[in-house]
Amino acid sequence: MGKSTSPVRQSQARKAAAGQIVHGRASLTKTVLGTSGLAVLLILWWVGTDVIATPLSFVGHFSPTSAFATLAQLVTQSDLPVHILVSLRRVAVGLGLALLIGVPLGLAVGSYSHLNAATSPAFQFLRMISPLSWMPIAVMVFGVGDRPIYFLLTFAAIWPILLNTAEGVKNLEPNWLRLASSLSATRWETLRHIIVPGVLGHVLTGLRLAIGIVWIVLVPCEMLGVSAGLGYFILDTRDRLAYSELTATVLIIGLLGFLLDAGARELYRMSGRDR
């Protein structure tokens, strides 16, 4: 019996090894192409500021040569890490509040058609209002400090989470719900074992979209009279005419946003929803 099954197992092992090789080559190709694209972007930036620009021109202040040199000093010899931590804390609070509000609302809206019909026009109307347009109102209502920033970030993040969660509920496999009903599952059991696992992929997709929106909205929000954060640091470098520091901070913002998105993609992959 062992002899008859051994060739089958060897064939399966060879197929698995071949699949891993193909997957590894595809990942390597993707990495090389992505790195090449970033390299082209860097070269174009260098050509535009260091090669084409005339000597002593204003554009030269924003060159990559000065930005990267300043970047190392900012990370090790300034209070930039403190501003980064403050910004990341605000993003975490905004996303956390958006999840606490958006996921339950999305589950309710997706579960009840009448509630969906009643709320859909209002949600679509509010969703199309730029979060930044609420800045004066947020300051008048919440004052100066972190609270208006939390409101604006939550308002920006809630819509992709809410709408994706509701869409996930609508796309649940009907047979799962019928099976739960036939087994006399309670509403809580159905929610815990059927609905929540079924919509998790949609929630994570909404979270990834929310991260991108929040990270874009964050910098102008941190120009609301606060004394810390990346947006504040951008204004500070402008006021001090420290253009190389300003450019280096823009690089930091782009890098952190890239890492946040990569983390969201990895979370999606670990959840088993990545195809």
Side-chain angles (χ1 to χ4, degrees), residues 30 34 84-112 115-116 119-120 122-135 138 146-173 176 188 190-222 229-231 252-275:
K30 184 177 180 180
I84 292 174
L85 291 176
V86 170
S87 292
L88 291 177
R89 185 199 70 206
R90 289 168 177 155
V91 167
V93 172
L95 290 174
L97 291 173
L99 285 169
L100 288 175
I101 299 171
V103 172
L105 271 178
L107 292 174
V109 169
S111 300
Y112 301 101
L115 180 61
N116 179 48
T119 58
S120 182
F123 287 161
Q124 293 299 331
F125 173 78
L126 291 172
R127 184 175 72 90
M128 298 309 295
I129 300 176
S130 169
L132 299 181
S133 64
W134 293 92
M135 289 174 65
D146 285 339
R147 289 189 297 173
I149 297 177
Y150 293 152
F151 167 78
L152 294 169
L153 296 183
T154 302
F155 183 88
I158 194 172
W159 307 115
I161 294 173
L162 189 159
L163 296 177
N164 273 278
T165 302
E167 190 65 24
V169 175
K170 296 175 187 176
N171 292 333
L172 280 174
E173 178 60 48
W176 296 354
W188 168 248
T190 303
L191 176 67
R192 180 181 177 185
H193 298 289
I194 302 295
I195 297 178
V196 171
V199 304
L200 181 58
H202 287 79
V203 173
L204 293 177
T205 299
L207 177 63
R208 182 185 176 188
L209 294 172
I211 288 173
I213 297 172
V214 163
W215 195 245
I216 293 173
V217 172
L218 173 69
V219 173
C221 285
E222 289 185 327
L230 290 170
I252 287 289
I253 292 172
L255 177 61
L256 290 174
F258 178 85
L259 293 177
L260 287 173
D261 183 73
R265 283 188 281 114
E266 181 64 17
L267 183 63
Y268 188 86
R269 186 193 67 80
M270 291 173 60
S271 71
R273 268 70 186 175
D274 196 6
R275 295 288 184 253

Start with the C-alpha gap between L152 and L132, add the side-chain angles, then the distance that decides, and say whether side-chain contact (heavy atoms from CB on, under 4.5 Å) holds. CA-CA 7 Å; L152 294 169; L132 299 181; 5.8 Å; no
Sequence neighbours left out, cut at 3.5 Å: what donor-acceptor pairs do the side chains of residues 98-106 make with other protein atoms?
none

Indicate every side-chain donor-acceptor pair of residues 163-170 with a distance under 3.5 Å to a residue at least two apart or in another chain.
unit_1, atom_1, unit_2, atom_2, d
N164, ND2, P160, O, 2.7
T165, OG1, I161, O, 2.7

Distance col, row S130:OG vs F155:CZ, nearest 0.5 angstrom, shows 8.5 Å
Do D146 and R89 make a side-chain contact, defined as non-hydrogen atoms from C-beta onward lying under 4.5 Å apart?
yes
All heavy atoms of L126 vs all of W159, minimum pair found to be CB-CZ2, 3.6 Å
Residues passing the side-chain contact (heavy atoms from CB on, under 4.5 Å) test with F151, sequence neighbours excluded, are W134, A138, F142
Would you mind writing out the side-chain donor-acceptor pairs for residues 205-222 within the sub-3.5 Å range, not counting sequence neighbours?
unit_1, atom_1, unit_2, atom_2, d
T205, OG1, G201, O, 3.0
R208, NE, D261, OD1, 2.8
R208, NH2, D261, OD2, 3.1
W215, NE1, I253, O, 2.8
E222, OE1, S87, OG, 3.0
E222, OE1, L230, N, 2.9
E222, OE1, G231, N, 2.8
E222, OE2, S87, OG, 2.8
E222, OE2, R90, NH1, 2.8

Residues passing the side-chain hydrogen bond (donor to acceptor under 3.5 Å, both in side chains) test with R147, sequence neighbours excluded, are none
Nearest heavy-atom contact between M128 and Q124 is CG-O, 3.2 Å
